[in-house]
Amino acid sequence: MEYDEKCPFCRMVAGQERASYVWDDPTVFGIMSLDQPTPYKVLMIPKLHVPTVFELTDDIAAGLFKATVAVARAVRAASKCPGMNLVQSNGHVGQQDVFHFHLHIVPGFEDDDIILKWDDVRVGRPRLDALAEEIRQHVG
């Protein structure tokens with residue numbers, strides 16, 4: 001899928017919707033998020049319409065992450081943030097809201113309201129080894 005006329009990110013690539021760009025190369029763009037839970041939040045997006053991480057090609061993924069690192073460093077320099085989260089969601093259950101892959105660069109500041117939290121469950125080594133083996137069977 002190369003273009004989805006209902007997708008706001010595809011419309012940006014096509015020049016049909018405005019955005020505040022911080023990065024633009026042949027395959028990836030970075031824009032200021034309309035939603036700013038902390039100042040300087042940026043979205044990194046492949047130009048090709050790719051719904052989730054699972055459909056990214058290796059080349060797009062490599063270029064996207066290389067650009068993300070460059071922009072994350074620039075956000076830190078501009079904002080002076082002492083911390084940062086990279087957040088990426090997939091599917092309804094994963095809380096994805098726009099079904100075109102995008103990665104959030106969210107600067108972290110003292111006393112902001114950004115909290116990533118889940119309940120940890122300690123698991124024993126035998127179970128971890130079994131899960132690792134199951135995943136390895138599906139890699140590549």
Side-chain angles (χ1 to χ4, degrees):
M1 215 186 272
E2 297 214 12
Y3 176 78
D4 179 343
E5 65 186 26
K6 296 178 183 176
C7 173
F9 300 145
C10 286
R11 289 194 307 269
M12 288 174 195
V13 172
Q16 299 168 341
E17 198 161 313
R18 192 167 179 267
S20 299
Y21 286 80
V22 299
W23 183 272
D24 192 15
D25 71 28
T27 61
V28 175
F29 66 106
I31 59 171
M32 297 304 299
S33 176
L34 290 173
D35 299 316
Q36 292 283 310
T38 61
Y40 302 94
K41 179 185 169 199
V42 172
L43 301 178
M44 299 300 293
I45 308 161
K47 289 186 175 179
L48 184 68
H49 184 80
V50 178
T52 68
V53 69
F54 309 112
E55 293 87 16
L56 286 175
T57 66
D58 291 346
D59 288 341
I60 291 173
L64 180 73
F65 202 72
K66 184 176 180 181
T68 297
V69 170
V71 172
R73 289 175 179 150
V75 166
R76 183 180 64 177
S79 71
K80 311 289 190 272
C81 64
M84 181 175 289
N85 290 299
L86 300 180
V87 180
Q88 201 282 311
S89 302
N90 295 279
H92 288 290
V93 173
Q95 300 177 351
Q96 185 174 5
D97 54 357
V98 176
F99 288 84
H100 181 132
F101 179 95
H102 57 289
L103 185 117
H104 303 250
I105 298 175
V106 185
F109 301 95
E110 296 295 330
D111 300 321
D112 67 28
D113 292 339
I114 304 296
I115 298 171
L116 300 178
K117 182 178 178 358
W118 52 78
D119 293 329
D120 287 326
V121 176
R122 185 65 69 165
V123 177
R125 183 62 53 208
R127 178 69 177 140
L128 294 175
D129 289 344
L131 291 170
E133 175 59 29
E134 189 176 345
I135 291 169
R136 280 194 306 272
Q137 291 175 11
H138 295 279
V139 173

Crowding at [atom1], [X] (>12 non-hydrogen neighbours, <6.0 Å):
| X | atom1 | result |
| --- | --- | --- |
| Leu128 | CG | yes |
| Asp113 | CG | no |
| Glu134 | CD | no |
| Asp58 | CG | no |
| Gln137 | CD | yes |

Residues forming a salt bridge (charged side-chain N to carboxylate O under 4.0 Å, His left out) with [X], sequence neighbours excluded:
| X | value |
| --- | --- |
| Glu133 | Arg136 |
| Lys41 | none |
| Glu17 | Arg11 |

Among all residues two or more places apart in sequence or in another chain, which pass the ring-ring contact (aromatic ring centres under 6.0 Å, His included) test with [X]?
| X | result |
| --- | --- |
| His92 | Phe99 |
| Tyr40 | none |
| Tyr21 | Phe29 |
| Phe9 | His100, His102 |

Problem set entry | Of Gln88, Glu55, Gln96, the residue whose pairing with Phe101 passes side-chain contact (heavy atoms from CB on, under 4.5 Å) | Gln88
Closest non-hydrogen atom pair between [X] and [Y], with its separation:
| X | Y | result |
| --- | --- | --- |
| Met44 | Gly30 | SD-CA, 3.6 Å |
| Thr52 | Gly91 | CG2-N, 4.4 Å |
| Pro46 | Leu56 | CG-CD2, 4.3 Å |
| Pro37 | Ile114 | CB-CD1, 3.5 Å |
| Asp24 | Lys47 | OD1-NZ, 2.7 Å |
| Val87 | Leu116 | CG2-CD1, 4.3 Å |

Spell out, yes or no, whether [X] and [Y] are grouped together once hydrophobic residues are joined by side-chain heavy atoms under 4.5 Å, including indirect joins.
| X | Y | answer |
| --- | --- | --- |
| Ile45 | Val50 | no |
| Met32 | Leu43 | no |
| Ile105 | Val28 | yes |
| Val53 | Val42 | yes |
| Ile60 | Val71 | yes |

Donor-acceptor contacts, no H, no angles, side chain residues 72-84, under 3.5 Å, sequence neighbours left out:
| residue | atom | partner | partner atom | Å |
| --- | --- | --- | --- | --- |
| Ser79 | OG | Val75 | O | 2.7 |
| Ser79 | OG | Cys81 | N | 3.1 |
| Lys80 | NZ | Ala77 | O | 2.9 |

Pairwise distance [atom1]([X]) to [atom2]([Y]) - rounded to 0.5 angstrom:
| X | Y | atom1 | atom2 | value |
| --- | --- | --- | --- | --- |
| Ser20 | Leu34 | OG | CG | 8.0 Å |
| Arg127 | Leu131 | CZ | CG | 4.0 Å |
| Asp112 | Glu110 | CG | CD | 8.5 Å |
| Asp59 | Leu64 | CG | CG | 12.0 Å |

Tell me, please, which residues at least two apart from [X] pass side-chain hydrogen bond (donor to acceptor under 3.5 Å, both in side chains).
| X | result |
| --- | --- |
| Asn85 | none |
| Arg18 | none |
| Thr38 | none |
| Asp120 | Trp118 |

Exercise. Quick one: are His104 and Leu86 in side-chain contact, heavy atoms under 4.5 Å?
Worked result: no
Problem set entry | Pairwise side-chain contact, Thr27 with Leu48, heavy-atom cut-off 4.5 Å (strictly under) | no
Exercise. Do we see a donor-acceptor contact under 3.5 Å between the side chains of Gln95 and Asp97?
Worked result: no
